[in-house]
Every structure is written in structure tokens, then in C-alpha cells.
Asker: 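The structure is given below, and queries will be raised subsequently.
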Amino acid sequence: MGVFVFLPLVLPLTAWPVARAATQHLHPRTATRLLTALAAVMALCSTLCLALLMVVGTAQLPGNPLPDAWSDPEVRAAVPCDEVAGKAAIPALLAVCGAVGRTLWRHVAVRYRAARAVAGLRGTSVAVLGSGGADGAGGARGAHGAGAVAGAAYAYALPGPVGRREAGRVVVTRALLERLEPAERRALFAHERAHLSARHHRFLLVTQAAARANPFLGPLRAATAYTAERWADEEAARVVGDRRTVARAIGKAALAGAGAGAGSGPGVPAPVRAGLAGLAAAGPVPRRVAALLAPAPAARTRPSPFTAPGLALWCAAGGTAVSAMASANAAVTLVLVLRAATPL
């Protein structure tokens, strides 16, 4: 096993260059999927290696439930600095499990509370929240908009209930709609429906959990939040047929949210604070507007390996491959050592 067990803990650093290159040189759809896959694999590998180190560390503790043979010198020799690394891995893995578990629980809880806020709007795809109540698209009317903040201007895509195959819902405040022109409203709804149809909340959740498992994956989480918004921007531009209209809608939504305090403060609904995909919820708005004012990106872009983006992609791919092989090597080696040390 040797030093290979430590490599997956630091190899996420090799993905930092691609976090920036993907946002600038790849189609947002491709970038989102790529960054999510890299983050998921690297997080799993680093967590596995922490678990292997924890086994060695736990075996050295007095009164542990593991076989006595697992604390033999032959087993400890498989891990460099076994006393320090093994014991340090115990609280580290517990912290990782706690952080990831809290992230998953908060995601489910936020979706549940947001769904309850619009529970009276059965069968509608859009919920308009305001001080006087909540309206469903198509003239349907339901319960009061619980969770709406007076004067707040925001919109977000609320996925369907966890574990059910139900379509999600677009939640928007009346304050935001009043600030948009009809064409800009169509852009808003197209943007949010793109989030729902592509299930962007899953990409965001995976990368957020990965960043909790290994803090070195933080840049990939931030980059994925941006590319998911850009993906929805491009889909909205395709549906509306006017990139400038989408750009204006994003700019107005950002200004309205900033003016009303949306995005911060104790009175803002939890889905907005929790980072559910929204029109102006994530990513630098000026960059998104500038991208929409430029020509549409090519759907399939393969940077040359001799360019900076190509090198960043190969570096991340190589780091991910080495991380997977190192964690597999460490797992197999430790299993063989433990089997040899365990009496029949």
C-alpha cells in the first residue's frame, strides 16, 4: 500500500486547472457533466483511502472490536507513519461522514419545506409567490405563498419530491415578474424549466457533497454551479430565440434580487440560500451576461492537447485515473495483508 494510500487525498489538486478551463472553453452542458464526474470519482477515492487508514488506526486502539492480529507490525508496516496517519484518519473520516450527511439531509429538508410552501397548487408547473398569496400557472389558485418574503424578487427551480417521478415546479415571486417584460418572463420560465428537465440539482448536490468529502474539490463545486446556470442560459436562449432577451432577464433579476435583499438575510427562503438552481442564484452574473451577448458556444468542442485547456483536461483525467488506481491498489493490498495476518 505504502504512499499510494495518501495520493487520492491530494490528487484533487490536479483538477483545479480544468475547473477554470471548462467554464471558458467547453459547452456548459459538457462542462457540467465532466466536472461532476471528476468530483464524484475523486471524492469516492479519497474517502475510501481515509477508511483504509481508519482501519489501521482503529486496530491500534485498546479495546477495539477488530481482530488482534490486525494490529500486528506486519499490518502497520503497510502504512507509512501508521501511528499518526491511522489515528488522524479516525476523526477525519467521522468529520467527512458528518459533513456529507448534513449536506444530504439539508438538501432533502430544504426541498421538503419548499414543496410544502406551494403544496396547495396541485397540478401546476409554476407557483407565483406574493404578499397576497400564490398563483399557479394557467389561472389556478392555491394556498398562500408560505416562505415568500415581502418585496423579495427571486426565482428558482424546485425539483419534484424525493423518490418520486414527478415533474418539478418553477417558483417565482410576483415582485420579480413585475420587473420583467413579457419576453423576459418567457426567458425566466425557459431558464428554470431547463434546470428541471436536465435535473441540475443532482449535479449541484453531487459536487457539493464531494467538496464536503475533500475540501480540495471546492473549485469544482463552484465551477459546476456556474456551468449549470450557463447550461440553463443557453437552453433559454434556444427556446426564446433571442440571446439578448435572456441576458436582460438575468441582469434585471440580479438587480432586483440585490435591491430587495434576496440571496442573503434571515428572511430569504431556504431554497435560495441553499443554492437551488435559479435565474440569478449562482455564478458571476456579468460573466453570464457577457457569454449570452457573444455567439452561442459549439455543442461539441475538443480542445487540442497542446493548448492550455487541453493540458488542463489531460491533467485532470490523469489525476483522476491515478487516484482510482491508487485507491484500488491500497484497498487490495490492505485486504491481502489483513487476510494473511488473520488466523484461520
Side-chain angles (χ1 to χ4, degrees), residues 1-16 19 35-110 204-222 224-225 273-275 319-320 322-342:
M1 187 161 57
V3 296
F4 290 103
V5 72
F6 299 112
L7 287 180
L9 302 177
V10 297
L11 280 174
L13 293 173
T14 62
W16 283 14
L35 295 173
T36 303
L38 292 175
V41 173
M42 288 188 167
L44 288 174
C45 292
S46 64
T47 304
L48 173 60
C49 287
L50 271 182
L52 298 176
L53 291 171
M54 189 197 71
V55 171
V56 177
T58 304
Q60 303 176 42
L61 299 178
N64 69 82
L66 301 178
D68 295 338
W70 287 18
S71 61
D72 289 348
E74 293 80 4
V75 177
R76 297 200 303 269
V79 179
C81 306
D82 61 284
E83 291 188 4
V84 177
K87 293 179 180 179
I90 298 175
L93 184 61
L94 291 176
V96 166
C97 293
V100 174
R102 182 175 179 274
T103 297
L104 298 177
W105 172 259
R106 183 166 180 257
H107 176 82
V108 173
V110 164
L204 301 179
L205 180 60
V206 169
T207 53
Q208 187 176 15
R212 295 290 185 269
N214 191 320
F216 289 148
L217 294 171
L220 271 68
R221 179 193 54 139
T224 303
R273 298 198 305 270
T320 305
V322 172
S323 181
M325 290 187 294
S327 58
N329 173 273
V332 171
T333 301
L334 184 59
V335 169
L336 294 177
V337 171
L338 294 179
R339 287 188 60 182
T342 304

Asker: Please tabulate, one pair per line, all N/O donor-acceptor pairs under 3.5 Å involving side-chain atoms of residues 38-56, not counting sequence neighbours.
Answerer:
| from | atom 1 | to | atom 2 | distance (Å) |
| --- | --- | --- | --- | --- |
| Ser46 | OG | Met42 | O | 3.2 |
| Ser46 | OG | Ala43 | O | 3.0 |
| Thr47 | OG1 | Ala43 | O | 2.8 |

Asker: Can you give each donor-acceptor pair under 3.5 Å made by side-chain atoms of residues 6-13, sequence neighbours left out, with the distance rounded to 0.1 Å?
Answerer:
none

Asker: Can you name the nearest heavy-atom pair linking Trp16 to Phe216, along with the distance?
Answerer: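 Taking every non-hydrogen atom into account, NE1-O, 2.6 Å.
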Asker: Taking only residues two or more places apart in sequence or in another chain, which ones pass side chain to side chain contact (heavy atoms under 4.5 Å, CB included) with Thr103?
Answerer: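 Counting only residues at least two positions away or on another chain, Thr103 forms a side chain to side chain contact (heavy atoms under 4.5 Å, CB included) with Leu205, Gln208, Arg212.
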Asker: Looking at every non-hydrogen atom in both residues, tell me the closest pair between Ala209 and Val100 and how far apart they are.
Answerer: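 Nearest pair, atom of Ala209 first, then Val100: O-CG2, 3.7 Å.
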Asker: Is there side-chain contact between Thr207 and Leu220, with at least one heavy-atom pair below 4.5 Å?
Answerer: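 No; the side chains remain at least 4.5 Å from each other.
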Asker: What side-chain donor-acceptor pairs closer than 3.5 Å can you find for residues 88-96, not counting sequence neighbours?
Answerer:
none

